[in-house]
Amino acid sequence: MQGLSLDFKGVEPFVSNEELELMKEAVLEAHDKLENKTGLGRNMLGWLDLPDKITEEEIEHIKQSAKRIQNQADVFIVVGIGGSYLGAKAVIDLFENTFSNMLPLSERKHPQIIFAGNSLSGKYLRNLIEYIQDKDVAINVISKSGTTLEPAIAFRMLRVFLEQKYGITGAAERIYVTTDGYNGLLKDIATKEEYDTFTIPEDVGGRYSVLTPVGLLPMAVANINFEDIIDGAMFASRLFNERSIESNDCYKYVAYRNVLYKKGKDIEILASYEPSFRYFIEWFKQLFAESEGKDSKGIYVAGNIFTTDLHSMGQMIQEGRRNIFETVININLDRSFISLPSTEDDQDGLNYLADKPIDYINKQAFLGTVKAHIDGGVPNTIINLDDLNEYNVGQLIYFFEKACAVSGYVLGVNPFNQPGVEAYKKNMMELLKKGE
């Protein structure tokens with residue numbers, strides 16, 4: 001069942017049919033490279049059919065480990081950086097109560113979920129260690145190699161904390177490792193210490209790994225129906241595989257964004273009027289930035305939460321340089337069921353909105369902003385989800401993964417490596433070793 005659709009009316013005035021037709025050949029050639037595995041990075045295409053490849057045995061392992069974590073921990077800490085945490089946090093934020101970590105366990109029905117290992121902030125780690133002193137804790141450390149410094153430092157800190165609190169054997173029962181199936185420092189540690197271990201497929205890169213145990217185990221701990229996410233992604237893998245830009249909205253989106261890029265619009269803003277999409281936007285930013293930003297090429301991806309950011313970035317979008325286009329995620333069905341009450345004296349002058357759903361007011365802001373931005377020269381593509389549920393989010397995840405890979409090939413880069421990331425790591429390690 002399709003729960004995702006795209007509206008291109010806000011971008012059509014900025015792209016001619018001729019320009020779209022000229023881009024068509026490049027998009028279809030990129031499709032062929034993916035299908036035939038002949039493009040750059042062809043050894044990293046495991047994500048393409050990942051929803052079909054996950055086994056019942058792996059699903060059961062995830063479920064059983066999640067139950068164990070729920071029973072043993074007040075706090076569950078996910079240790080990872082980039083693709084090793086953004087996908088899980090994105091999905092958890094979408095489906096959790098906004099104030100979930102502040103609710104009592106009886107309402108939350110799972111441990112508090114905290115993310116670590118995504119910075120080198122001493123303040124954050126100290127505050128975290130202080131917070132969990134009197135809590136029962138379990139951790140999931142996620143890294144293909146185990147050598148990335150941010151999660152490695154956090155893992156050492158938390159491992160020492162657990163071993164001091166529970167002993168070496170007790171700590172081992174509370175450490176869950178998601179890593180390479182065969183090689184790497186973290187794999188060696190997990191094997192030696194007999195930690196419960198999950199495998200990141202060798203042919204799936206970090207930013208494409210949300211539909212592996214990297215994302216699925218934290219989701220399961222949060223009681224999110226990850227099987228529906230997998231099913232939605234499976235449906236999208238078929239829906240967005242047609243070799244056409246006329247009937248395949250994923251490929252049409254790629255064609256439009258690349259025509260706009262050629263015309264000098266080199267910044268794409270992904271926006272939503274729902275604050276719980278903040279980390280989904282962060283996931284999107286990493287996916288596209290690491291995939292496309294190479295060889296002095298690439299669309300710069302940014303993110304906004306409206307209407308909040310209309311009061312900070314809105315002026316720039318409306319009247320700044322005309323090098324921006326927007327993609328907006330819209331949720332059709334409102335499940336908040338909250339309306340503005342009326343007051344007898346109408347002191348704030350809002351009775352003209354009395355009894356109207358807050359979502360209705362938000363939608364008018366959305367429609368008004370889209371019109372203003374288009375009139376101001378900012379193309380807008382709308383991604384409509386008929387409802388915010390796991391199945392539709394699975395479709396949305398796969399939509400962006402497929403679009404990112406195809407767009408990378410259209411740009412002429414390898415969408416599956418990240419050589420530039422290694423530059424800062426090399427310099428950082430040289431500086432750290434000099435201080436020995």
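Throughout, residue positions are numbered sequentially from 1 according to the sequence presented.
The pair Lys53-Asp203 meets the salt-bridge criterion, since a charged nitrogen lies less than 4.0 angstrom from a carboxylate oxygen. For Lys144 and Glu202, the salt-bridge test fails: no basic side-chain N is under 4.0 Å from an acidic carboxylate O. Ion pairing between a basic and an acidic side chain is recognised when a charged N comes within 4.0 Å of a carboxylate O; Arg278 and Glu282 show no such pairing. Looking at Lys426 and Glu430, a side-chain N of the basic residue comes within less than 4.0 Å of a carboxylate O on the acidic one, giving a salt bridge. One finds no salt bridge joining Asp295 and Lys297 here, because no Lys/Arg side-chain nitrogen approaches an Asp/Glu carboxylate oxygen to under 4.0 Å.
When the salt bridge (Lys or Arg N to Asp or Glu O under 4.0 Å) test is applied to Asp93, the partners found at least two apart in sequence or on another chain are Lys89. Listed by chain and number, the residues in a salt bridge (Lys or Arg N to Asp or Glu O under 4.0 Å) with Lys187 amount to none (sequence neighbours excluded). Judged as a side-chain hydrogen bond (donor to acceptor under 3.5 Å, both in side chains), and not counting sequence neighbours, the contacts of Glu268 are Tyr253, Arg257, Thr327. Residues that satisfy the salt bridge (Lys or Arg N to Asp or Glu O under 4.0 Å) test with Lys37, not counting sequence neighbours, are absent from this structure. For Phe400, the ring-ring contact (aromatic ring centres under 6.0 Å, His included) criterion is met by Phe284, not counting sequence neighbours. Not counting sequence neighbours, Asp231 has no partner by the side-chain hydrogen bond (donor to acceptor under 3.5 Å, both in side chains) test. For Tyr182, the side-chain hydrogen bond (donor to acceptor under 3.5 Å, both in side chains) criterion is met by no residue, not counting sequence neighbours. Remark: Glu242 engages Ser247 in a side-chain hydrogen bond (donor to acceptor under 3.5 Å, both in side chains) (not counting sequence neighbours).
The closest side-chain donor-acceptor pair between Thr147 and Ser145 falls under 3.5 angstrom. Side chains of Asn330 and Asn384: a donor-acceptor N/O pair is present below 3.5 angstrom, by distance only.
Between Pro379 and Val11, the shortest heavy-atom distance links the atoms CB-CG2, 3.7 Å. Between Gly408 and Glu292, the shortest heavy-atom distance links the atoms N-OE2, 4.1 Å.
Pairs engaging residues 321-342 under the salt bridge (charged side-chain N to carboxylate O under 4.0 Å, His left out) rule: Arg335-Asp387 [sequence neighbours left out]. Applying the salt bridge (charged side-chain N to carboxylate O under 4.0 Å, His left out) test to every pair with at least one member in residues 340-361, sequence neighbours left out, gives these pairs: Asp359-Lys363.
Of the possible donor and acceptor atoms, one in the side chain of Thr179 sits under 3.5 Å from a partner among the backbone N and O of Ser143. When atom types are taken as modelled, the side chain of Gln112 and the backbone of Asn101 share a donor-acceptor pair closer than 3.5 angstrom. No side-chain donor-acceptor contact under 3.5 Å links Tyr279 to the backbone of Leu86. Remark: the backbone N or O of Pro151 is not paired with any side-chain donor or acceptor of Thr148 at under 3.5 angstrom. The closest donor-acceptor contact from the side chain of Thr199 to the backbone of Pro201 lies at 3.5 Å or more, if one exists at all. The closest donor-acceptor contact from the side chain of Glu19 to the backbone of Ser16 lies under 3.5 Å. Remark: the backbone N or O of Thr343 is paired with a side-chain donor or acceptor of Asn351 at under 3.5 angstrom.
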Salt bridge (Lys or Arg N to Asp or Glu O under 4.0 Å) for Lys24 and Glu246? Distances and angles first, verdict last. CA-CA 9 Å; Lys24 177 178 178 178; Glu246 291 80 16; 3.1 Å; yes

Do any side-chain atoms of residues 204-217 form donor-acceptor pairs under 3.5 angstrom with protein atoms, and if so which ones, sequence neighbours left out?
{"unit_1": "Arg207", "atom_1": "NE", "unit_2": "Ser291", "atom_2": "OG", "d": "2.8"}
{"unit_1": "Arg207", "atom_1": "NH1", "unit_2": "Glu290", "atom_2": "OE1", "d": "3.0"}
{"unit_1": "Arg207", "atom_1": "NH1", "unit_2": "Gln418", "atom_2": "OE1", "d": "2.5"}
{"unit_1": "Arg207", "atom_1": "NH2", "unit_2": "Pro415", "atom_2": "O", "d": "2.7"}
{"unit_1": "Arg207", "atom_1": "NH2", "unit_2": "Asn417", "atom_2": "O", "d": "3.0"}
{"unit_1": "Ser209", "atom_1": "OG", "unit_2": "Gly206", "atom_2": "O", "d": "2.5"}
{"unit_1": "Thr212", "atom_1": "OG1", "unit_2": "Ser209", "atom_2": "O", "d": "2.7"}
{"unit_1": "Thr212", "atom_1": "OG1", "unit_2": "Val214", "atom_2": "N", "d": "3.2"}

In a table with atom names and distances, give each donor-acceptor pair under 3.5 Å that connects a side chain of residues 303-317 to protein atoms at least two apart or in another chain.
{"unit_1": "Asn304", "atom_1": "ND2", "unit_2": "Asp309", "atom_2": "OD2", "d": "3.4"}
{"unit_1": "Asp309", "atom_1": "OD2", "unit_2": "Ile305", "atom_2": "N", "d": "2.8"}
{"unit_1": "Ser312", "atom_1": "OG", "unit_2": "Asp309", "atom_2": "O", "d": "3.3"}
{"unit_1": "Gln315", "atom_1": "NE2", "unit_2": "Glu319", "atom_2": "OE1", "d": "2.8"}

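You'll find the ring centres of Tyr176 and Phe198 outside the 6.0 Å limit. Aromatic pair Tyr251/Phe240: centroids not less than 6.0 angstrom apart.
Using a 30° and 60° split on the angle between ring planes, Phe235 and Tyr391 fall in the tilted class, from 30° to 60°.
With Tyr131 as the aromatic partner, Lys135 meets the cation-pi criteria of under 6.0 angstrom to the ring centre and within 45 degrees of the ring axis. Geometrically, Lys33 engages Tyr409 in a cation-pi contact, judged by NZ or CZ lying under 6.0 Å from the ring centre and within 45° of the ring axis.
Open room surrounds CD on Glu25; 12 or fewer heavy atoms of other groups in view lie less than 6.0 Å from it. Summarising the local packing, OH of Tyr424 is surrounded by more than 12 heavy atoms from other residues, nucleotides or ligands at distances under 6.0 Å.
Expressed to the nearest 0.5 Å, how far CD1 of Ile331 lies from CG of Leu388 amounts to 5.0 Å.
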